[in-house]
Amino acid sequence: MAAQVVGASRSSRRALKVNRPAVMRSIVIAGVRYRPLMATLSTHVLDTASGRPASGIAVSVEKDGAVIARGVTDGDGRVAQLAASLEPGRYRLVFELGGRFFRRVALDVEIGSEPKYHVPLLVTPFGLTSYRGS
């Protein structure tokens, strides 16, 4: 049984130039095309006013209005693996901040073909910021 990797040969040459591994787009084994592994999503929340992680924050992931994963930030303000096996598409990441001025924050994110996604949230009583982490 021979396997053929589709899309990796060209990106492998490109990847060598930037010192990153190639992204496998699909694998063909015995004439059947398989999609790559699904993505994972993690997050953490930092209270930048106090300079500390925000523990005990409820976080959920929604797809088309339905909750598909839930977690609570730990003592380090992290949810290490909030969701696993995510297919490419749009998801809503919802942070329930509770008694703060910003009570609920919802971020719409686009999951693509990369294996890992990390979305930090920085909160203060006066503002908030989020970004795509590593």
Just so I know, are the side chains of [X] and [Y] near enough to count as touching, which here means a heavy-atom distance under 4.5 Å?
| X | Y | result |
| --- | --- | --- |
| L46 | H44 | yes |
| L93 | L41 | yes |
| E87 | K63 | no |
| Y117 | L86 | no |
| V45 | V123 | yes |

Can you tell me how far [atom2] of [Y] sits from [atom1] of [X], rounded to the nearest 0.5 angstrom?
| X | Y | atom1 | atom2 | answer |
| --- | --- | --- | --- | --- |
| L82 | R70 | CG | CZ | 11.0 Å |
| T73 | R78 | OG1 | CZ | 11.0 Å |
| R103 | L97 | CZ | CG | 9.5 Å |
| L107 | S130 | CG | OG | 4.5 Å |
| L128 | F95 | CG | CZ | 10.0 Å |
| E62 | I68 | CD | CD1 | 9.0 Å |

For this session: Examine distances only and state if a side-chain atom of T43 and a backbone atom of V119 form a donor-acceptor pair shorter than 3.5 Å.
Result: yes
Exercise. Who are the salt bridge (Lys or Arg N to Asp or Glu O under 4.0 Å) partners of R132, not counting sequence neighbours?
Worked result: E114
Exercise. Is the shortest side-chain N to carboxylate O distance from R52 to D47 below 4.0 Å?
Worked result: no
For this session: Begin from the C-alpha positions of S60 and V67 and carry the test side-chain contact (heavy atoms from CB on, under 4.5 Å) through to its verdict.
Result: CA-CA 7 Å; S60 61; V67 176; 4.1 Å; yes
Seminar exercise, completed: For P125 and A49, the nearest pair of non-hydrogen atoms, with its separation, is CD-CB, 3.5 Å
Exercise. Do you know the tightest heavy-atom contact between G77 and P53?
Worked result: N-CB, 3.5 Å
